[in-house]
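Down below is the structure, laid out as C-alpha cells.
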Amino acid sequence: MANLPVIDFAPMLSDDPKGRSRLASELRAACIANGFFYATGTGVSPEAAADAIAAAKEFFTLPEAVKLTISQARSPHGRGYESMSNQRLEPGAEADLKEGFIMGVDLPADDPRVVAGWPQYGWNLWPEGMDAWRARVEAYHAAMIECAGVVMRALALSLDVEETYFDDFRREGVATLRMLHYPPQPKDASAAARGAGAHSDWGGVTILLQDEVGGLQVKNGEDDWIDAPPIPGTFVVNLADFMPRWTNGLYRSTVHRVINRSGRERYSLPFFFDGRGDYVSETIPTCIRPGETPRFAPLSVNQHLAEMYAATRAA
Ligand SMILES: O=C(O)CCC(=O)C(=O)O
Ligand SMILES: [Fe+2]
C-alpha cells in the first residue's frame with residue numbers, strides 16, 4: 001500500500017516557477033489519489049509547532065472545573081472547552097472519546113456578520129489569568145491562517161487556475177483552531193469506540209499538527225483504512241467538503257477517523273479553514289471536461305457549516 005506523500009511547499013514562498021509547477025503536479029496527483037498528504041516547507045517554524053502542542057497539553061491538565069468556566073455551552077459560536085464525548089462524528093459509533101478547546105477569528109458582538117448569525121463568526125472564550133497562554137495560541141492561529149493561504153494558493157495552481165482563485169473564499173473566512181486531547185482507549189473498549197468517528201471535514205482544507213502518538217486513519221482511494229502516522233516536521237493536510245464541489249468530484253473530501261490504541265494520551269491540533277460565510281461554491285471551469293456538467297449545486301459556507309454542526313452534536 002502506497003504511503004501518503006510528503007509534499008514540500010517551499011516553492012510557494014520564493015520566486016521559483018519551476019519548483020511551483022513541480023509542486024502543482026505532485027499536489028494534483030496526491031489530491032486525486034487520496035485527498036490526504038503531509039506538508040513541509042509551509043513557513044511555520046518547528047518551534048511554533050512544538051509550542052502549540054505544549055500549549056494544548058497545558059490546557060488539558062487544568063482542573064475540569066476551570067475548563068468548564070469556558071464551556072462551549074456558554075458560547076453561541078462553538079468556542080471554548082468541548083467536554084469529553086460531546087461530539088459523535090460517526091453515526092452508529094460511540095460518542096468521540098476526546099475533549100477539545102476551540103478558538104477562531106475573534107469578532108465583537110456588533111460585527112454585522114455576528115449580528116446576522118453567520119455560523120462560527122463570533123468571539124473567543126479564554127481561561128482567566130492565562131494571558132500568556134492566550135497570546136501563544138493566538139500566534140499559532142495567525143500562523144495557520146498564513147499556512148492555509150500557502151496551501152490554497154498551491155491547490156489553485158494544481159487546478160490550472162490563478163493562484164488567487166480561492167482568495168474570495170479565504171477572505172475573512174472561518175478559520176478554526178481546535179486543540180484535541182484523546183485519552184487512551186480502554187483495553188476492553190467496544191468495536192464502536194472512536195477517538196474521532198469517521199467523517200470528512202467541512203470547509204476548504206484542514207491542516208493538522210499531531211504529536212508523536214499516532215492513531216489517525218484515512219480512507220484511501222480504494223476504500224481501505226490506512227494509517228497516517230506522525231512524521232516529525234510535517235503537517236497532515238486533508239481536503240474538505242468544498243473541494244469535490246469546486247473540482248466536480250476530481251479532488252476528494254476524504255473520510256478519516258482517530259482510534260487511540262496506543263495506551264498513551266494523544267494531542268493533536270487540527271486547523272479548519274472553512275471559508276467566508278457568504279461564499280457560494282461553483283465548479284471551477286478547468287475541472288469540467290468536455291461533455292461533463294457540474295455535479296454539485298452551488299452551496300454557501302454558512303449553509304454547510306450550520307447543517308454539519310447540527311448533525312454531529314452528540315447530545
Ligand atoms: O486528531 C486528529 O488527528 C484528527 C481530528 C479530526 O479529524 C477533526 O477534528 O476533524
Ligand atoms: Fe477531521
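In each ligand, atom 1 is the first atom listed, and ligand 1 is the first ligand listed. Residues take their numbers from the sequence shown, with the count starting at 1. Worth saying up front: this structure is predicted, and the values here are computed from it rather than measured.
Ligand 1 lies under 4.0 Å from heavy atoms of Arg178, Leu180, Tyr182, His199, Asp201, Leu208, Leu216, His256, Val258, Arg266, Ser268, Pro270, Phe272.
Classification of the His77-Trp123 ring pair by plane angle, with boundaries at 30° and 60°, yields perpendicular. Between Phe242 and Tyr279, the ring-plane angle classifies as perpendicular under the 30° and 60° cut-offs. Using the six-membered ring where Trp is involved, Phe101 and Phe59 have ring planes that are tilted, between 30° and 60° apart.
In the hydrophobic clustering of this structure, Tyr182 does not group with Ile53; members are Ile, Leu, Val, Met, Phe, Trp, Tyr whose side-chain heavy atoms approach within less than 4.5 Å, directly or through other members. Linking Ile, Leu, Val, Met, Phe, Trp and Tyr residues whenever their side-chain heavy atoms come within less than 4.5 Å leaves Leu97 and Met179 in two separate clusters. The cluster map of Ile, Leu, Val, Met, Phe, Trp and Tyr, joined by side-chain heavy atoms under 4.5 Å apart, puts Met243 and Phe9 in the same cluster.
Annotation: the span from Gln217 atom CD to Asp227 atom CG amounts to 5.0 Å, rounded to 0.5 Å.
Take the Fe ion (ligand 2) and draw a sphere of radius 2.8 Å; the protein N/O/S atoms inside it number 3.
Contact check on Asp96 versus Arg194 returns no salt bridge, with no Lys/Arg side-chain nitrogen under 4.0 Å from an Asp/Glu carboxylate oxygen.
Two rings, from Phe169 and Trp246, have their centers less than 6.0 Å apart.
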